[in-house]
Amino acid sequence: MDFNDTPAEAEYRAQVRAWIEANASEYLSPPEKPWGLDEFVARSKAWQAKKHDAGYAGLTWPKEVGGQGLSPMHQIIFNQEESRTFVPTGLYSIGLGMCIPTVFTHGSPEIAKRYVPKALRGEEVWCQLFSEPVAGSDLAAIRTRAVKDGDEWVINGQKVWTSFAHRSDYGIIVTRTDPEAPKHKGLTMFIVDMHAPGVEVRPIRQMSGSSDFNEVFFTDVRVKDSHRLGDVGNGWKVSLTTLMHERLAVGGKPRHAPGYRTLIDLAKGIETDSGPAMERADVRQRIADTYIADEGIKLTQMRALSALSKGAIPGPEQSISKVVVAKTMQDMAAFALDLAEAGGLVVEKGSDLERLQGSYLGSAGLRIAGGTDEILRNIIAERVLGLPGDLRPDKDTPFNQIKPL
């Protein structure tokens, strides 16, 4: 593909860059001190509202649901320019990146009219309620039940690893509505009010010190049938809409994540028994390996962008990219912290070592989000290399006849 902008794209990029420079001046460099959760949420909502008012929210969404109806390249250009800054966007990556597209694709026009505009303005935060203690990589093994009661459904069960559930107003939840059907066919998805009676959110304390993930318990939670997304029993198909958007969202390298240049700067400042670290062959080899991986990730992402620019859906390159991104981040950060020895444990706020430490701790979660490494390797093996598929003996077995592991 031609990596250069067309004249129209260059004009749009200049327009976006000028707007961001004028409206995000306080975010052109990292914050002097980390934001607390309350400040992060407040800043995120303010920035989303500002984008909405300027016409930069929902760029590719249909105009009838409040979007701008523009091409994927408009969104790509905006994302690239926004990523030059340190504006807070993570609060909405799941809601606007995964949940709301599912809502306006599979919900009724009345439901879309109620929820999409408020989410687009940043007034309401959404989460994705999929994984369970015994159903992560095998999402179709979920056990959270929804039972019909008149024009309502009663939900009981548990979800886990739900990002920002403790700050969300609504969520999309996949449930089992027919335990006698095979596991992929007895599912139904709903919109659930996270403040409804019977919803209990428990933040999970992570080894990094943060609590972004949550356990969520549902006890006799009532949801109106009008808040069902898609047909009863068709929840797997609806879930694939969400998962497709999720894989696009997590397939690339996180914003401002350390790379090979960070390793170079670090190695230049470390003295070892055999001399400067930067002059050691093993250190230079690891930096070269990281550079090759970074370039491969970048070019693989370009393939996805090329497909989007032509109106096509990116293929399995997103799975390839995500496997390499997460492992590269983890391996690079582990090597850097080992190289720094004790300095890798006690780090200065705002330093490269602090970023590397955060990258090391966070990359473990990245290797799970959007599909584990093992699941993605299966996708690559089957859909790219054409290898035989895994044996799936329970695929057509009624769910209530499957023996738990």
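Here the shortest heavy-atom pairing between Asp193 and Tyr170 reads CA-CD2, 3.7 Å. The two atoms that bring Phe86 and Ser29 nearest to each other are CD1-C, 3.4 Å, heavy atoms only. Closest of all the heavy-atom pairs between Leu91 and Ser44 is CD2-CB, 3.7 Å. In terms of heavy-atom proximity, Thr290 sits nearest to Gly259 at CG2-C, 4.4 Å. In terms of heavy-atom proximity, Val216 sits nearest to Ala165 at CG2-CB, 3.8 Å. Summarising the geometry of His166 relative to Asn214, their closest heavy-atom pair is ND1-ND2, 3.2 Å, with the distance given to 0.1 Å.
When side chains are defined from C-beta on, Ile100 does not count as touching Leu120, because their heavy atoms never get closer than 4.5 Å. At least one side-chain heavy atom of Tyr115 sits under 4.5 Å from a side-chain heavy atom of Glu124. Considering only heavy atoms from C-beta on, Phe218 comes within 4.5 Å of Ile173 through its side chain. Two residues are said to be in side-chain contact when any heavy atoms from C-beta on lie closer than 4.5 Å; Thr175 and Met189 fail this criterion. Counting heavy atoms from C-beta on, the side chains of Asn234 and Lys237 come closer than 4.5 Å. Counting heavy atoms from C-beta outward, Leu266 and Asp352 have side chains that stay 4.5 Å or more apart. Considering only heavy atoms from C-beta on, Gln158 comes within 4.5 Å of Glu215 through its side chain. Within the 4.5 Å cutoff, side-chain heavy atoms of Arg377 are placed close to those of Val323.
Here the CG atom belonging to Asp396 is positioned 6.0 Å from the NZ atom belonging to Lys185, to the nearest 0.5 angstrom. Note that the CZ atom of Arg228 and the CH2 atom of Trp153 stand 7.0 Å from one another [nearest 0.5 Å]. Put simply, CG on Leu28 and OG1 on Thr85 are 7.0 Å apart, with the number rounded to the nearest 0.5 Å. Note that CD of Gln285 and CG of Asp282 are 9.0 Å apart. Values are rounded to the nearest 0.5 Å. Put simply, CD on Glu81 and OH on Tyr12 are 10.5 Å apart, with the number rounded to the nearest 0.5 Å. Taking OG from Ser93 and CZ from Phe164, the interatomic distance works out to 7.0 Å, rounded to the nearest 0.5 Å.
A salt bridge between Arg114 and Glu110 is absent, with no side-chain N of the basic residue lying under 4.0 Å from a carboxylate O of the acidic one. The existence of a salt bridge linking Arg143 and Glu132 is excluded, since no basic side-chain nitrogen approaches an acidic carboxylate oxygen closer than 4.0 Å. Using a cutoff of 4.0 Å between basic side-chain nitrogens and carboxylate oxygens, Lys183 and Asp138 are scored as salt-bridged. A salt bridge links Glu200 with Arg202: the closest approach of a Lys/Arg side-chain nitrogen to an acidic carboxylate oxygen falls below 4.0 angstrom. The pair Arg286-Asp331 does not count as a salt bridge, with every side-chain nitrogen at least 4.0 angstrom from each carboxylate oxygen. Salt bridge status for Asp38 with Arg167: present, with a side-chain N to carboxylate O gap under 4.0 Å. The pair Arg43-Glu26 counts as a salt bridge, with a side-chain nitrogen and a carboxylate oxygen less than 4.0 angstrom apart. Checked for salt-bridge contact, Glu152 and Lys224 miss the test: no charged N lies under 4.0 Å from a carboxylate O. A salt bridge links Glu82 to Lys51: at least one charged side-chain nitrogen sits closer than 4.0 Å to a carboxylate oxygen.
Remark: Leu385 CG is packed, more than 12 non-hydrogen atoms of other residues, nucleotides or ligands lying under 6.0 Å away. Counting heavy-atom neighbours within 6.0 Å of Lys327 NZ, excluding the residue itself, gives a total of 12 or less. Within a 6.0 Å radius of OH in Tyr27, more than 12 heavy atoms belonging to other residues, nucleotides or ligands are found. For Trp47, the CH2 atom is densely surrounded, since the number of other residues' heavy atoms within 6.0 Å is greater than 12. Other residues, nucleotides and ligands contribute over 12 non-hydrogen atoms within 6.0 Å of the CD atom of Glu382. No more than 12 heavy atoms of other residues, nucleotides or ligands sit less than 6.0 Å from atom NZ of Lys268.
In this structure a side-chain-to-backbone donor-acceptor pair under 3.5 Å is present from Asn23 to Trp19. A distance-only check finds a donor-acceptor pair linking the side chain of Ser239 to the backbone of Gly235 [under 3.5 Å]. Within the 3.5 Å criterion, the main-chain N or O of Met98 finds a donor-acceptor partner in the side chain of Thr102. The backbone N or O of Gly171 lies less than 3.5 Å from no partner atom in the side chain of Gln128, so there is not a single donor-acceptor pair. A distance-only check finds no donor-acceptor pair linking the side chain of Ser363 to the backbone of Leu366 [under 3.5 Å]. Looking only at distances, no side-chain donor or acceptor of Thr60 sits under 3.5 Å from a matching main-chain atom of Pro72. The backbone N or O of Ser321 lies less than 3.5 Å from no partner atom in the side chain of Thr300, so there is not a single donor-acceptor pair.
No hydrogens or angles considered: nothing links the side chains of Asn378 and Glu374 as a donor-acceptor pair under 3.5 Å. Under the 3.5 Å distance criterion, with hydrogens and angles disregarded, a donor-acceptor pair is assigned to the side chains of Gln80 and Arg13. With no hydrogens or angles considered, a side-chain donor-acceptor pair links Arg367 and Gln330 at under 3.5 Å.
In summary, the aromatic rings of Phe130 and Trp161 are positioned with their centroids too far apart to meet the 6.0 Å limit. Aromatic rings from His74 and Tyr56 are positioned such that their centres are separated by 6.0 Å or more.
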Tabulate below the donor-acceptor pairs under 3.5 Å that side-chain atoms of residues 333-345 make, not counting sequence neighbours, or state none.
none

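For the pairing with Met194, the side chain to side chain contact (heavy atoms under 4.5 Å, CB included) check across Leu129, Val125, Asp169 returns one residue only, Leu129.
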Requested in this report: Go through the steps for Arg355 and Leu353 under the test side chain to side chain contact (heavy atoms under 4.5 Å, CB included), then give the verdict.
Outcome: CA-CA 5 Å; Arg355 294 172 60 219; Leu353 277 174; over 6 Å; no
Requested in this report: Begin with the C-alpha distance, continue with both residues' side-chain angles, and end with the deciding distance and a verdict on side chain to side chain contact (heavy atoms under 4.5 Å, CB included) for Ile142 and Lys159.
Outcome: CA-CA 9 Å; Ile142 65 161; Lys159 299 292 181 176; 4.1 Å; yes
Report task. Starting from the C-alpha separation in whole Å, work towards a yes-or-no answer on side chain to side chain contact (heavy atoms under 4.5 Å, CB included) for Cys127 and Thr162. Result -> CA-CA 7 Å; Cys127 62; Thr162 307; 3.9 Å; yes
Query raised in the report: What do the steps show when you test Tyr92 against Trp126 for ring-ring contact (aromatic ring centres under 6.0 Å, His included), and what is the final call?
Result: CA-CA 7 Å; Tyr92 297 102; Trp126 286 65; over 10 Å; no
Report task. Show your working on side chain to side chain contact (heavy atoms under 4.5 Å, CB included) between Asp289 and Tyr291 and close with a plain yes or no. Result -> CA-CA 5 Å; Asp289 291 343; Tyr291 169 78; over 6 Å; no
